[in-house]
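Accompanying notes for the structure given below.
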Amino acid sequence: SSIKKDDGDPVGYVRQLLNSRTYPKDAFVDASLVMDGALFVATESSGAKRSEFESQCDLVVNIPSLTRDEKILAARELLEMRGITPENDQAIVRLVDEHAGGAGITMLRSSIDMLAEHADQMNGVLAEPDVLRLLPSPDVDDERYLLARSRRSLERMGDGHIAVAEKLLDAVLEERKTGECIERDAFVKLRLLCKAAPAVDVHLSGNYDSVCSDILRTHPGIPESTVRQLCSAIIASVRNVNHVRPLLLVGPAGVGKTTVVRSVAESLGARMAKRDMSSLSPGELFGSIANPSSFTEIAATNDGMPMVFLLDEIDKMSPQLCDSSALCSLLDQAIVTDCYLNLSMDFSNDLFVLTANDLTSVSDYILNRTHIITIDGYTPSEKGDIARCLIERKAKEMRADAPRVDPDALDWLAQLDDEAGVRKLETRIESLISTNEGMHVTREDVIEQFATSYIPECNGIKVVMPREGSKGGAACASI
């Protein structure tokens, strides 16, 4: 297929050669050569169109791509031929994974030839650091390198993922060589598939005590019993060998569900990715003919490493998604069928956390497949404790000197609204810091600054509203 089109008719050229065993007329000697005693062997990559030539051949042999284990065996043989002894298996694995891209061993042979030139520096023994020290860094953007690095992950996923990746690689290389597009978006699909494949032997890990302490440190208003229930569910989920069970955090807006998940991700040493379910369509979540799944794209940007997915406001999700089989597959088996790649992508190493304000708006399909944790709204006294923590945190975020605020001033500040969460309280604290940076703030100073928000005190009865539903929990009314 490499015969140039401007050299004439390549198909007719080869067909004449194979049929008549006569070489086309040589213009230089003005004669045609009869070659009926010769054996013709044609080679072609698997991505080329061979149907035009196969009918002219007596025998067609398909040679499959080498597997990773076969490349390791080949590497041992090539090293032995050059008098190099591998120190351990890790040296061979590193050599193959980073310098044996493609279907064959061409790149591997070149890399071993380069090592042989430095055999005296290794004393004839190849250690893993020698691979990093003596060989040039692999081109991370090279498709063959990408496939070589993700081969184990793709083989573990099954369902022909490695076969699809190899087909895409052949299409990319063929398009680069001939300019003919064999498969649309082959380059994009190959990179997406290889980079989104879950890393092998890498899992989320965390310690119960450390996760608890991190959440309690950043969220002092959440009851310790709720935090311990949440941590128990998290540790039980990440230790599940087959599938990390999803969690569902339920509570009024502003109680810190998102920031709790962020603290969990930091404690587990993982990246957190947030998706607002109220504004996403099925095509954005699970892919379409034109675009990949949002989950696949996120996994690819994280190179397949375990992470924490936050699916926010699940109770405001599109009705098309609520009872969809695709969402059930995600929650049941952590599998997403990406319509763009036409493959099932594995997310069993990741932790999915869903949030909702009101359970009554959540589908039973979701409730039956998640571990539910309730975070109640805050009472005024709990808001006062949170305010003391927010002063230092917000001052650090604003790069300002934290003011010295009297406890009774913070308690008064915490009672200026009746919302269940602390979003309005955070806004007031930010205003307090910017106005009184590094100063001493009394209760009278706070009353003067927030006079328009002041609730007159009375001799009546204060009633704390029930702490249930999407808006309950912290409301405090004077009667």
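This chain uses plain numbering: 1 for the first residue, then up along the sequence.
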- For Val264 and Ile234, which heavy atoms make the closest approach, and how far apart are they? CG2-CD1, 3.5 Å
- Message: Please check: side-chain N/O of Ser293 versus main-chain N/O of Leu285, any donor-acceptor pairing under 3.5 Å?
- Response: yes
- Show your working on side-chain contact (heavy atoms from CB on, under 4.5 Å) between Cys339 and Ile289 and close with a plain yes or no. CA-CA 6 Å; Cys339 298; Ile289 297 177; over 6 Å; no
- Message: With side chain to side chain donor-acceptor pair (under 3.5 Å) as the criterion, how do Thr67 and Asp69 come out once you've worked through the C-alpha distance, each side chain's angles and the decisive distance to 0.1 Å?
- Response: CA-CA 5 Å; Thr67 65; Asp69 291 338; 5.3 Å; no
- Test log, rule salt bridge (Lys or Arg N to Asp or Glu O under 4.0 Å), inputs Glu392 and Lys396: CA-CA 6 Å; Glu392 295 295 333; Lys396 185 176 181 180; over 6 Å; no
- Item | Heavy-atom pair with the smallest gap, counting every atom of Ser153 and Ala199 | OG-CA, 4.0 Å
- Message: For Asp364, is there any backbone N or O sitting under 3.5 Å from a side-chain donor or acceptor partner on Asn368?
- Response: yes
- Query: Counting only heavy atoms not in Arg133, do more than 12 sit closer than 6.0 Å to its CZ atom?
  - Reply: yes
- Message: To check you understand the geometry: which heavy-atom pair defines the closest contact between Ala75 and Ile92, and what is its length?
- Response: CB-CG2, 4.4 Å
- Item | Check: Ser210 main-chain N/O paired with Asn207 side-chain donor or acceptor under 3.5 Å | yes
- Starting at OG of Ser434, measure out to CD1 of Ile429 and round the result to the nearest 0.5 Å. 12.0 Å
- Of the non-hydrogen atoms in Gly254 and Arg423, which two are nearest, and what is the gap between them? CA-NE, 3.5 Å
- Message: Test your reading of the model: is there a side-chain donor-acceptor pair from Arg428 to the backbone of Leu413, 3.5 Å cut-off?
- Response: yes
- Salt bridge present between Arg369 and Asp332 (N-O < 4.0 angstrom): yes
- Message: I'd like to know if the side chain of His219 pairs up with that of Thr259 as donor and acceptor (distance under 3.5 Å, no hydrogens or angles considered).
- Response: yes
- Asn342 atom CG: more than 12 heavy-atom contacts under 6.0 Å: no
- Task: Verify the neighbour count for atom NZ of Lys316: are there more than 12 heavy atoms of other residues, nucleotides or ligands below 6.0 Å?
- Result: yes
- Arg94 with Asp89: basic N within carboxylate O range, under 4.0 Å: no
- Message: Is it the case that the side chains of Asp214 and Ser263 hold a donor-acceptor pair, with the cut-off being a distance below 3.5 Å and no angle test?
- Response: no
- When rounded to the nearest 0.5 Å, the distance separating OG of Ser344 from CG of Asp338 is 9.5 Å
- Query: Just by modelled atom types, is the Thr360 backbone N or O under 3.5 Å from a matching donor or acceptor in the Asp358 side chain?
  - Reply: yes
- Pair Val261-Lys274, side-chain contact (heavy atoms from CB on, under 4.5 Å): steps then yes or no: CA-CA 10 Å; Val261 178; Lys274 178 184 176 182; over 6 Å; no
- Task: Taking the side chain as every heavy atom from C-beta outward, state whether Ile386 and Tyr378 have any pair of such atoms under 4.5 Å apart.
- Result: yes
- Query: For the atom pair CZ (Phe352) and CD1 (Ile314), what is the distance rounded to the nearest 0.5 Å?
  - Reply: 11.0 Å
- Query: How many angstroms lie between CD1 in Ile335 and CG in Leu331, if you round to the nearest 0.5 Å?
  - Reply: 12.5 Å
- Message: What I want to find out is whether Asp312 reaches Lys257 closely enough, with some N-O distance under 4.0 Å, to be called a salt bridge.
- Response: no
- Are Arg82 and Asp113 ion-paired here, with the side-chain N under 4.0 Å from a carboxylate O? yes
- Query: If you round to the nearest 0.5 Å, how far is OG of Ser110 from CE of Met114?
  - Reply: 8.5 Å
- State, with a plain yes or no, whether a side-chain heavy atom of Ser294 is found less than 4.5 Å away from one of Arg275. yes
- Message: So, taking the atom named NE2 in His371 and the one named OG in Ser232, what distance separates them when rounded to the nearest 0.5 Å?
- Response: 8.0 Å
- Side chains of Leu95 and Leu115: closer than 4.5 Å at any heavy-atom pair? yes
- Message: Quick check: do Leu230 and Leu249 have side-chain heavy atoms less than 4.5 Å from each other?
- Response: yes
- Is any side-chain heavy atom of Thr296 less than 4.5 Å from a side-chain heavy atom of Leu192? yes
- Would you sort out whether Val353 and Leu311 count as a side-chain contact (heavy atoms from CB on, under 4.5 Å), showing the intermediate values? CA-CA 6 Å; Val353 182; Leu311 308 185; over 6 Å; no
- Message: Side chains of Val250 and Ile373, heavy atoms from C-beta outward: is any pair under 4.5 Å?
- Response: no
- Val131 and Ala91: which non-hydrogen atoms are nearest, and at how many Å? CG2-O, 3.9 Å
- Message: Please check: side-chain N/O of Thr226 versus main-chain N/O of Ile222, any donor-acceptor pairing under 3.5 Å?
- Response: no
- Task: Return yes if some donor-acceptor pair links the side-chain N/O of Asp315 with the main-chain N/O of Asn357 below 3.5 Å, else return no.
- Result: yes
- With the threshold set at 4.0 Å, does a side-chain nitrogen-carboxylate oxygen contact exist between Glu397 and Lys394? yes
- Message: side-chain contact (heavy atoms from CB on, under 4.5 Å) for Leu268 and Leu351? Distances and angles first, verdict last.
- Response: CA-CA 10 Å; Leu268 297 177; Leu351 174 63; 4.2 Å; yes
- For the residue pair Thr218 and Arg393, confirm or rule out a side-chain donor-acceptor distance under 3.5 Å. no
- Side chain Asp303, main chain Met305, donor-acceptor under 3.5 Å: no
- Short N-O contact, Arg68 and Glu155, less than 4.0 angstrom: no
- Should the pair Lys167-Asp170 be classified as a salt bridge under the 4.0 Å nitrogen-to-oxygen rule? no
- Query: Considering only heavy atoms from C-beta outward, does the side chain of Leu367 approach that of Ser363 to under 4.5 Å?
  - Reply: no
- Message: Can you confirm whether Glu80 is buried at CD, in the sense that more than 12 heavy atoms of other residues, nucleotides or ligands lie under 6.0 Å from that atom?
- Response: no
- Message: What I'd like to find out is whether the side chain of Met398 reaches to under 4.5 Å of the side chain of Glu430, using heavy atoms alone.
- Response: yes
- Looking only at heavy atoms, what is the nearest atom pair of Met307 and Leu204, with distance? O-CD1, 4.1 Å
